[in-house]
Amino acid sequence: MRRVSVFGSTGSIGENTLDLLARQPGRFHVVALSGGRNVARLAEQARAHRAELAVTAFPECLDELRSRLGGSGVEVAAGPEALIEAADRPADWVMSAIVGAAGLAPGLAALAQGATLALANKESLVCAGPLMLEAARRHATRILPVDSEHSAVFQALAGEDSAAVERIVITASGGAFRDWPLERLAHATLAQASSHPNWDMGQRITIDSASMFNKAMELIETREYFGVSPDQIEVVVHPESLIHALVGFRDGAMMAHVGAPDMRHAIGYALHWPERRHLPVERLDLARIGQLNFRAPDEARYPALRLARAVMARGGLMGAVFNAAKERALDGFIAGRIGFADMAATVEEVLARFEARPGLIEAAMTLDNVVQTDHLARAWTDDAMAERAG
Ligand code: NAD
Ligand code: MG
């Protein structure tokens with residue numbers, strides 16, 4: 001039996017991962033599951049999957065988790081250190097599906113014990129890509145992409161010579177506000193930003209799709225995963241979300257990955273890689289779909305794309321600044337402290353503030369420095385938001 005752990009099991013990616021595991025009884029042994037405040041769901045999952053261990057990220061939730069799992073034989077633990085210890089438990093395959101920079105340390109711990117890391121947590125690549133890749137190399141293991149675009153590129157590259165790659169095109173649905181008049185964006189509400197035209201995802205990534213901070217993160221993710229230069233990566237708006245990415249080769253050929261917008265494809269591909277197994281995703285009827293559309297992203301609508309390009313050009317710890325400022329600005333929008341368009345403006349201010357203090361972002365790429373940079377960027381983002389609100 002393959003030993004697997006799922007971090008962020010109560011989230012959208014986590015639930016889809018458990019759905020796939022449950023369809024193959026007897027093939028997988030669940031080592032650890034982790035969640036946040038949704039302790040009831042975490043306990044239910046741990047019982048159903050006979051997990052060895054269930055961890056909540058929040059110590060104040062431990063008592064409830066313990067009482068809900070009483071008599072089940074499932075061990076319980078809580079807090080960031082417990083997450084790292086859980087990731088350190090021997091497993092063959094670990095899903096990293098915590099949302100935010102909190103996923104970085106458990107992901108590194110899973111790599112350090114030699115597990116194959118199925119990586120949905122894009123934040124860890126954005127804030128510490130070189131650290132993640134180095135950990136995978138050092139421990140002779142692998143990171144498998146679980147983002148639809150990056151899984152698509154990974155599949156299009158199977159059996160190809162990476163030196164023959166000319167460009168990578170990732171698609172974007174355009175999010176909730178794709179067709180809104182620009183002047184309305186500043187007044188977009190939380191409810192409006194939290195609904196996605198094609199994908200059913202967690203709230204944070206859904207809002208990031210509307211602002212295209214998600215695609216901005218994915219530009220950086222693409223650079224880290226596939227080692228191409230920023231000018232080889234393009235974004236195209238594709239409202240149907242059926243082509244997830246394309247790889248262009250030096251002979252002019254483009255390999256496109258086409259599939260239903262269902263994350264169980266990317267998760268399942270990473271789960272069974274290098275094999276392909278049956279997955280419960282919709283089979284497309286192309287004649288019924290009729291047509292696919294593409295257009296260039298409008299930079300005025302999606303300033304996050306320009307910011308991501310600046311971050312890639314700058315390098316160093318700027319990715320950690322970008323991710324932290326984005327997460328905090330998103331918290332601010334969700335809490336009603338700033339408006340939708342203020343998110344990008346705030347992140348841009350924080351990047352400029354770090355740019356003016358070059359020593360900070362040129363520090364070595366170590367976990368400590370990433371964490372310190374993350375904390376400082378969050379504090380400066382709070383300052384920038386307070387100034388905006390005041
Ligand atoms: P979600 O909000 O649905 O779930 C997040 C999970 O993380 C939950 O289990 C939650 O309890 C846990 N969590 C929240 N805060 C935590 C903290 N501080 N410490 C530890 N755990 C915490 O999110 P999601 O949509 O499933 O996304 C998970 C990750 O996958 C994100 O990095 C996202 O960008 C990425 N991703 C998601 C999708 C998608 O379709 N949902 C697609 C591609 C990539
Ligand atoms: Mg994606």
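Counting starts at 1 for both ligands and their atoms, in listed order. Below, all heavy atoms of this structure are taken into account, side chains as well, without hydrogens, waters or symmetry copies. Nothing here was measured: the structure is a model prediction, and the numbers come from that model.
Residue S12 touches ligand 1 through backbone and side chain together, judged by heavy-atom distances below 4.0 Å. Residue-level proximity to ligand 1 for R204 is absent, since no heavy atom of it falls below 4.0 angstrom. If you look at A102 next to ligand 1, the close heavy atoms, those under 4.0 Å, all belong to the side chain.
For K122 and N323, the side-chain atoms include no donor-acceptor pair closer than 3.5 Å.
Under 2.8 Å from the Mg ion (ligand 2), one finds the following protein N/O/S atoms: D147 OD1, E149 OE1, E218 OE2.
Sequence neighbours left out, the pairs with a member in residues 134-144 that pass salt bridge (Lys or Arg N to Asp or Glu O under 4.0 Å) are E134-R137, E134-R138.
Not one N or O on the side chain of N121 forms a donor-acceptor pair closer than 3.5 Å with the backbone of A97.
At the top of the distance list for atom 34 (O) of ligand 1, counting protein heavy atoms only, stands K122 CE, 3.3 Å. Among protein heavy atoms, atom 36 (N) of ligand 1 sits closest to I205 CD1, 3.6 Å.
The heavy atom nearest to atom 8 (C) of ligand 1, considering only T10, L125, L42, is found in T10.
When the side-chain contact (heavy atoms from CB on, under 4.5 Å) test is applied to M255, the partners found at least two apart in sequence or on another chain are A156, F249. Remark: F177 engages W180, F340 in a ring-ring contact (aromatic ring centres under 6.0 Å, His included) (not counting sequence neighbours).
Taking 4.0 Å as the cut-off between side-chain N and carboxylate O, E15 and R264 do not count as a salt-bridged pair.
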